Each structure stands twice: as C-alpha cells, then as structure tokens.
Amino acid sequence: MFENIDIVIDTGFGDCGKGLMTGYLSGMRSNPIVIRFSGGQQAGHTVIKDNIKHIFSNFGSGTLNRVPSFFDKNCTIYPIGLVNEYLTLNEKGFNPTLYIHPLAMITTPYDVAFNRITEKKNGHGSCGVGVAATMKRTLNTGYKLHAVDFNNRDILFQKLLQIKEYYSKLASELNLKGFHIELSKWESNYFECVEFIIKNKIFQIEDYNILYNFNNLIFEGSQGVLLDMDHGIFPNVTYGNTTCKNAIEICKYFKDIKSINKFYVTRCYQTRHGNGWMSNQKEIKLINNEEEINITHEYQGNFKIGEIDYNLINHSILVDSFYNDNYEVNNNLLVTCLDQREDFEFDYDSINNIKDFEIYNSCSPISEKIFIKN
C-alpha cells in the first residue's frame with residue numbers, strides 16, 4: 001500500500017510556502033503524486049528547481065520533478081488558466097500529467113465576469129478569477145458544469161450557454177452594470193481554450209482509483225486555515241475548506257491508511273493578501289524579498305504584513321486537528337523566509353502539539369533547510 005501520506009497546510013492566510021514544501025516532498029518520495037484537494041486557479045505556489053522557476057496554479061507543485069497531479073472534486077478548473085500554464089510549462093521543457101476528478105467544478109468566463117463585477121462593488125478581497133462564483137453556482141443552483149462534461153462536446157457547450165443565460169439574468173436583476181463588457185474581454189479566448197483542451201487531451205478524467213498507481217500521496221493545500229469557510233475570520237473568508245478536511249475524506253477511501261504526516265507552514269511573519277482582519281499588523285523591514293510574487297492587485301489590494309502571532313498558529317493547528325479522524329498523525333512545522341528578517345529568533349516553546357520544527361532559509365527563490373529540532 002502507500003508508503004507515506006503527506007498533507008501540506010498553511011497556518012495563516014496563505015502565501016507561506018506550500019508550493020515550496022510540496023516541491024521538496026515530491027523530490028524526496030518514490031513514485032509520488034501531488035493531490036490538490038481545495039481551491040483552484042487562484043493559487044500561486046512558487047517552486048524553483050535547477051534554476052527553473054514556476055508559479056503553480058493549475059498543476060501541482062511537484063511538476064518540476066515530473067510528478068503527476070490530481071485535482072479533487074472540491075477544486076475548480078479554469079480552462080484559460082489551465083491552457084496558459086500548460087503551454088508555459090511546455091516552453092520550460094515539461095509535459096505535465098494531470099488527472100482530474102469527474103466532479104471537479106469548471107469555472108466559466110461568466111463566473112469570472114460576475115466575480116469581478118461584484119468584487120468591485122463589495123470589496124470582499126477576492127482574487128478575481130471566479131473560484132467562489134464557480135463554487136456557489138455549483139453548490140447552490142442547478143447550473144452545474146463538471147470536468148466529466150468535457151467527454152461530450154455537445155453537453156459541454158449547451159451547459160455553457162445555459163450558464164451564460166443564468167448570469168446575464170442575475171446581473172440584470174442585481175443591476176450590475178458592465179457584466180457583458182467584462183465578459184467580452186475573454187469569452188472568445190475561453191472557447192478557444194476549451195477546444196484546445198478537447199483536441200489535445202491535456203487532462204484525464206479519473207476517480208480516486210488512479211491513486212492506487214502511486215506509492216506516496218502528497219496533498220497540497222490551498223490558501224490558509226485562517227481563510228477556511230468554517231474557521232476563518234468572517235466575512236472575508238474563502239468559499240471552501242482549507243483545513244485538512246477534504247484530504248482526510250480522500251484518505252478514508254483507502255481502508256489501509258493508518259497514519260499521516262502533516263506539514264504546517266508559516267512565514268516568520270504574518271501576511272495577508274486581500275481585505276480582512278490580521279493581528280499584529282505593522283511595518284516590518286524585510287530584506288531578500290525581491291522574489292515576492294504578491295503585489296498590489298486591483299481586486300485584493302495591498303499585500304499586508306505583520307509580526308508573527310504564535311497564538312494564531314496554535315489556533316490553526318488546533319482547528320485543523322478536529323478533522324484527523326482516527327488516524328495517527330505526525331505534526332511538523334515549517335518556518336520560511338528567515339533570511340528576510342535580520343536578528344529574528346523563532347520561539348519554539350510558544351508552539352503546541354508539534355514534534356519537529358524544520359526551518360527554511362527562504363520562501364522564494366530556492367530554499368535551504370538550515371535547522372531541524374526534534
């Protein structure tokens with residue numbers, strides 16, 4: 001059966017180095033597969049290997065180690081982002097293998113346009129790529145579009161037509177001006193990408209049985225526990241579960257799994273990209289952060305930073321543990337970006353329920369492990 005079950009979780013509001021750890025594990029395990037179990041195209045997971053840098057959104061962060069990816073039914077798939085990233089990886093010398101669960105949710109251009117129009121009005125802090133709109137439409141209405149629909153072109157395009165009519169009517173009812181203008185920016189490109197996916201078969205529809213072909217499962221989380229829809233600080237939360245909840249549900253499919261490894265990730269300071277509360281927010285002088293990918297964004301605003309909050313880290317580990325079921329769990333904490341703060345010392349005694357601390361020299365570009373405490 002499986003040798004290791006690894007789950008990578010961000011203890012904060014995201015952007016702490018999940019891609020870094022996933023990439024590291026994918027290079028250490030034999031015959032692994034990386035599983036995305038939440039979120040979708042809003043991810044921005046930076047990995048560098050052999051001087052090749054890539055920011056992963058639509059593929060798992062083990063791709064630079066030529067490790068296949070699996071996107072679960074709780075994930076969203078955005079054809080434009082998927083094709084663009086696929087072609088970019090091709091240019092870098094990679095032909096990624098991607099498996100997608102039949103019930104994974106497909107983002108349409110109508111989800112994106114509606115997301116962007118409402119975000120400009122509400123200022124919730126969304127990335128503006130339609131993830132929440134896709135999930136709300138799928139879970140709360142009859143207008144559903146799943147990955148399996150790519151197996152039948154007629155059904156796929158008929159459903160897209162109905163979803164367009166749904167959003168057009170909704171935008172009119174809510175008096176959301178500019179919906180069709182926003183939509184016109186990429187609707188034609190979206191259909192080109194759909195045709196490209198169908199023609200080139202850049203992903204395969206597979207259920208959980210495909211995972212039996214691998215020796216190690218690496219679950220790559222999205223965003224952070226403090227953005228979880230059940231445990232985050234409302235109202236600025238994501239529309240999904242960013243704890244280990246979905247990963248554990250997948251593990252239950254395999255009766256022989258008895259233990260899991262959790263890798264909790266935090267920077268040595270707090271970050272938040274998007275509106276909403278963050279404790280200890282203050283100006284911190286950083287160095288060696290030229291590779292930071294989180295910049296001012298018309299939907300998310302400024303990238304906020306603040307002093308590390310050990311109580312929040314402990315809270316995230318605690319609420320995440322609620323979903324452990326009966327598995328034996330080995331907890332590990334990874335602290336990144338130490339080279340960005342001079343004279344910083346991590347307070348190990350302030351963290352509860354952790355067996356190992358692994359300290360990494362940087363979140364990006366290339367990280368070097370410099371300390372381990374057992």
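Please read all numbers here as calculations on a predicted model, not as lab measurements. Every heavy atom of this structure was used, including side-chain atoms; hydrogens, water molecules and symmetry mates were not.
Checked against the 6.0 Å centroid threshold, Phe150 and Phe203 count as a close aromatic pair. Ring to ring, Tyr208 and His101 are close: their centroids are under 6.0 angstrom apart. Remark: aromatic rings of Tyr310 and Phe346 are close, center separation under 6.0 Å. Aromatic ring centres of Tyr110 and Phe179 lie farther apart than the 6.0 Å criterion allows. Between Phe254 and Tyr212, the distance separating the two ring centers is shorter than 6.0 angstrom.
For Arg116 and Phe114, the positive end is not near the middle of the six-membered ring at less than 6.0 Å and at most 45° from its axis.
Partner Ile7 forms a side-chain contact (heavy atoms from CB on, under 4.5 Å) with one of Phe37, Tyr264, Phe263 and no other, that one being Phe37. The side-chain contact (heavy atoms from CB on, under 4.5 Å) test with Leu145 singles out one residue from Thr134, Leu156, Ile77, Ile155, and that residue is Leu156.
Remark: the Ser279 side chain and the Asp309 side chain contain an N/O donor-acceptor pair separated by less than 3.5 Å. Side chain to side chain, Gln340 and Tyr269 meet the donor-acceptor criterion of an N or O pair below 3.5 Å. A donor-acceptor pair shorter than 3.5 Å can be found between the side chains of Asp6 and Asn261. With 3.5 Å as the limit, one finds a donor-acceptor pair spanning the side chains of Tyr167 and Asp111. Under 3.5 Å, the side chains of Asn331 and Asn353 contain no donor-acceptor pair of N or O atoms. Side-chain atoms of Thr238 and Gln223 include a donor-acceptor pair closer than 3.5 Å. In this structure, a donor-acceptor pair under 3.5 Å is present between the side chains of Asn209 and Tyr253. Residues Ser26 and Asn65 have side chains that bring a donor and an acceptor to within less than 3.5 angstrom of each other. Checked by atom type, the side-chain pair Thr107/Gln41 shows a donor-acceptor distance below 3.5 Å. Checking Asp230 against Asn241 by side-chain atom types alone, a donor-acceptor pair falls below 3.5 Å.
Between Asn280 atom CG and Leu312 atom CG the span is 7.5 Å, to the nearest 0.5 Å.
Minimum heavy-atom separation, Cys251 to Ile257: O-CD1, 3.8 Å. Nearest heavy atoms, Leu89 versus Pro96: CD1-CG, 3.9 Å. Scanning all heavy atoms of the two residues, the minimum distance from Asn58 to Leu98 falls at O-CD2, 4.1 Å. Between Arg137 and Ile106, the shortest heavy-atom distance links the atoms NH2-O, 2.9 Å. In plain terms, the two heavy atoms of Ser61 and His45 that are nearest each other are OG-CB, 3.4 Å.
Each of Met135 and Met229 belongs to its own hydrophobic cluster when Ile, Leu, Val, Met, Phe, Trp and Tyr are linked at side-chain heavy-atom distances under 4.5 angstrom. When the side chains of ILVMFWY residues are joined at heavy-atom separations under 4.5 Å, either directly or via intervening members, Tyr323 and Val319 end up in a single hydrophobic cluster. Grouping the Ile, Leu, Val, Met, Phe, Trp and Tyr side chains by contacts below 4.5 angstrom, directly or via other members, places Val329 with Met1. If you chain together hydrophobic residues whose side chains sit under 4.5 Å apart, Val148 and Leu139 never meet in one group. Taking hydrophobic clusters as Ile, Leu, Val, Met, Phe, Trp and Tyr residues chained together by side-chain heavy-atom distances below 4.5 Å, Leu211 does not share a cluster with Leu103.
A 6.0 Å sphere centred on NZ of Lys177 holds no more than 12 heavy atoms belonging to other residues, nucleotides or ligands. Within 6.0 Å of CD1 on Ile181 lie no more than 12 heavy atoms contributed by other residues, nucleotides or ligands.
We find that Asp320 and Lys262 are joined by a salt bridge, their nearest charged nitrogen and carboxylate oxygen being less than 4.0 Å apart. A salt bridge links Arg341 to Glu307: at least one charged side-chain nitrogen sits closer than 4.0 Å to a carboxylate oxygen. No salt bridge links Arg36 with Asp72; every basic N to acidic carboxylate O contact stays at or beyond 4.0 Å. Electrostatic pairing of Lys285 and Glu342 does not count as a salt bridge here, judged by no charged N lying under 4.0 Å from a carboxylate O.
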Side chain to side chain contact (heavy atoms under 4.5 Å, CB included) evaluation trace for Val265 with Leu20: CA-CA 10 Å; Val265 186; Leu20 160 72; over 6 Å; no
Side chain to side chain contact (heavy atoms under 4.5 Å, CB included) assessment of Ser30 paired with Glu3: CA-CA 9 Å; Ser30 62; Glu3 297 170 2; 3.0 Å; yes
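Residues forming a ring-ring contact (aromatic ring centres under 6.0 Å, His included) with Tyr166 (at least two apart in sequence, or on another chain): Tyr143.
A heavy-atom distance below 4.5 Å is found between the side chains of Phe214 and Pro68.
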